[in-house]
There are 2 protein chains.
Amino acid sequence: MAYEEISSRNTGQNILEIVRQALPGLRKSERKVANRVLEDPNRILNAALAEAAALSDVSEPTVIRFCVAIGCSGYQEFKLRLAHSLALGTTATHSVLSKNDSTAELVEKIFGYTMTSLDWARSHLDTQALGEAIALLSGARSIEFFGLGASGIVALDAQQKFPLFGVPCGAQADTHQQLMTASMMQAGDVAVIFSNTGHTIAMIEVAKVAKDGGAKVIAVSGSRSPLLDHCDVAILVETLDNTDIYTPTISRIAALVVVDILCSAVGLRRDAEHGQRFENMKQLLRNQRVNGPVKTS
Amino acid sequence: MAYEEISSRNTGQNILEIVRQALPGLRKSERKVANRVLEDPNRILNAALAEAAALSDVSEPTVIRFCVAIGCSGYQEFKLRLAHSLALGTTATHSVLSKNDSTAELVEKIFGYTMTSLDWARSHLDTQALGEAIALLSGARSIEFFGLGASGIVALDAQQKFPLFGVPCGAQADTHQQLMTASMMQAGDVAVIFSNTGHTIAMIEVAKVAKDGGAKVIAVSGSRSPLLDHCDVAILVETLDNTDIYTPTISRIAALVVVDILCSAVGLRRDAEHGQRFENMKQLLRNQRVNGPVKTS
DNA sequence: CTCCTTTTTGTAGTTAAAATACATTTTTCT
DNA sequence: AGAAAAATGTATTTTAACTACAAAAAGGAG
């Protein structure tokens, strides 16, 4: 049996998206099935072959032909892939926001799109580069985070987390201060530069200056770009491309997850050493609150 | 260690988690199946009943009894639920971070945990409250965002996005300025307060002051809390609870997605009016970059 | 400790679902 | 309009999932 081939299934993209794209190339009856699937995927997910055929008003073999046409080995595999895609939420197809969308639809679309993109980012992340970054950060005497605009938010987030694990670090907001800080960096320091485009001139300057001073430079970028030429380690965080207005959020969120990974990894290495210090800090925060369940802000 | 607590919360969600919990109550042979599933869920996902039985070294009916024991109607339903869970990433079981984890394992665990939590947040979001918030924000003359610590990052993010759609807004970082800003608010203004705990005293004060001045107050909080008593609309963003070190990230990310939804919804309403202005802004940003593909930062 | 009861597990058979081979209908092009 | 090609449905085969029952193992009382 071809179980080996089937297992590569996971690397595929969203099946509903595939169905939508294949739609024009399908035969008339197959298209009936496709439309049914796009219309109410959950219904199909819980239906057996016979029921799916009845719902689409075609014969059973047609449904199977449809499955084969979109690249599945059969109805069973199709259902498995459908289950995978539905877990991640509605597709990019459905994620085109419309003025007529209800609130519930917006929630579904944006969450779905976010999760699908995260799934994509996960499968495209360069583990090795990440490992190198972790090694650099773990050994750093101090860390500086740089970013502008949306990426500035990510930098701030990183700057807020890393001190918890005993790494002194900072993040500057404006470009002048960033350049000043970068020029003060030296061997043993690590600069982490966030730039989704990787084309922002100010960030490239920062990378050059920091590197000249002897510091190591890590770039977290959305695509292969000029910035990477001036960095020691490049972490590419690819997200689903989308030229739409609402896009930037997802690259930001993916970057935050990457920061989380970096931070956790570095934290794990330093855990034993700084665990107690962290507990003390947590206690201080608690005193800032009225009585109630204790959680982290 | 890290994500241990998830298990109790996650009941009914992730099938692998359910399997892990049911483990002690299972019969000896059923436990063999359970272990096989936990060990290599992807293998089982691509296996037929007969193969699953062979892999676990038990008979086919035993596998079915196992499925029934953990609450599925049969093997088919089990596989569907497994596909769903695997799509969201590795389970909470596997998400307990360990010092021995490879980088790839960390990536898998943290992405998986993030996605599972987003799935949870999505299904627990109060659509109606969200709708009310959108209505308030759409009609606002100006908006102020408030938050401290991790929630401060969320506030900044919101403050960065909303102007794109023509809503004047601000976000203050320190508590004194926050109170000052809040005290200047009046009817027609909207205050959005981010506080994961909802117990932070400074934020409750801000809510009171803003409301007294006649402004509408929207709270985005992780749980039912004192803060909500002083707000007009409460958006609860529930995430998988976890008192551990790494928790704040997920509540932050879930909150960012909610901000995205609010912003998109408000944007859609104002789109026709401000579409051109947005394009102009985008062009300005482009000039800040060296030549290369055009994207948003 | 041995025989009986209860629980657990496997064997064999049944049912149902999915895939295939083939026939019929529809379309298209000369 | 008629033949070739394509598309779709019918009938059959194959395969997988589920069920009934019997054997084996575990537990308990005499």
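Order of the sequence lines fixes the chain letters, A, B, ..., with proteins taken first and strands second; residue numbering starts at 1 for each chain.
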Nucleotide [N], atom [atom2] - distance to [atom1] of [X] in whole Å:
X       : N      : atom1 : atom2 : answer
A:Arg65 : D:dG9  : CZ    : C1'   : 8 Å
B:Lys79 : D:dC18 : NZ    : P     : 11 Å
B:Glu60 : C:dT15 : CD    : C1'   : 14 Å
A:Glu51 : C:dA18 : CD    : C1'   : 15 Å
B:Lys32 : C:dT9  : NZ    : C1'   : 10 Å
A:Arg27 : D:dA5  : CZ    : C1'   : 12 Å
B:Glu77 : D:dC18 : CD    : C1'   : 14 Å
B:Ile64 : D:dA17 : CD1   : C1'   : 6 Å

[X] side chain N/O closer than 4.0 Å to the phosphate oxygens (OP1, OP2) of [N]?
X       : N      : result
A:Thr62 : D:dG9  : yes
A:Lys28 : C:dT27 : yes
A:Ser29 : D:dA7  : no

Original post:
Distance-only, no hydrogens or angles: does the B:Ser85 side chain make a donor-acceptor pair with backbone N or O of B:Ile15 under 3.5 Å?
Top reply: yes
Subject >> Under 3.5 Å: donor-acceptor pair, side chain of A:Arg36, backbone of A:Leu55 >> reply: yes
**OP:** Return the minimal non-hydrogen interatomic distance between A:Leu26 and A:Ala69, and the atom names on each side.
**Re:** CD2-CB, 3.7 Å
Subject >> Atom CD of A:Gln128: over 12 foreign heavy atoms under 6.0 Å >> reply: no
Original post:
Does a donor on one side chain and an acceptor on the other come within less than 3.5 Å for A:Thr62 and A:Ser59?
Top reply: yes
Given [options], which nucleotide is nearest the side-chain atoms of [X]?
X       : options                : value
A:Gln76 : C:dA19, D:dA7, C:dT9   : C:dA19
B:Pro61 : D:dA7, D:dT19, D:dA17  : D:dT19
B:Leu49 : C:dC22, D:dA17, C:dA18 : D:dA17

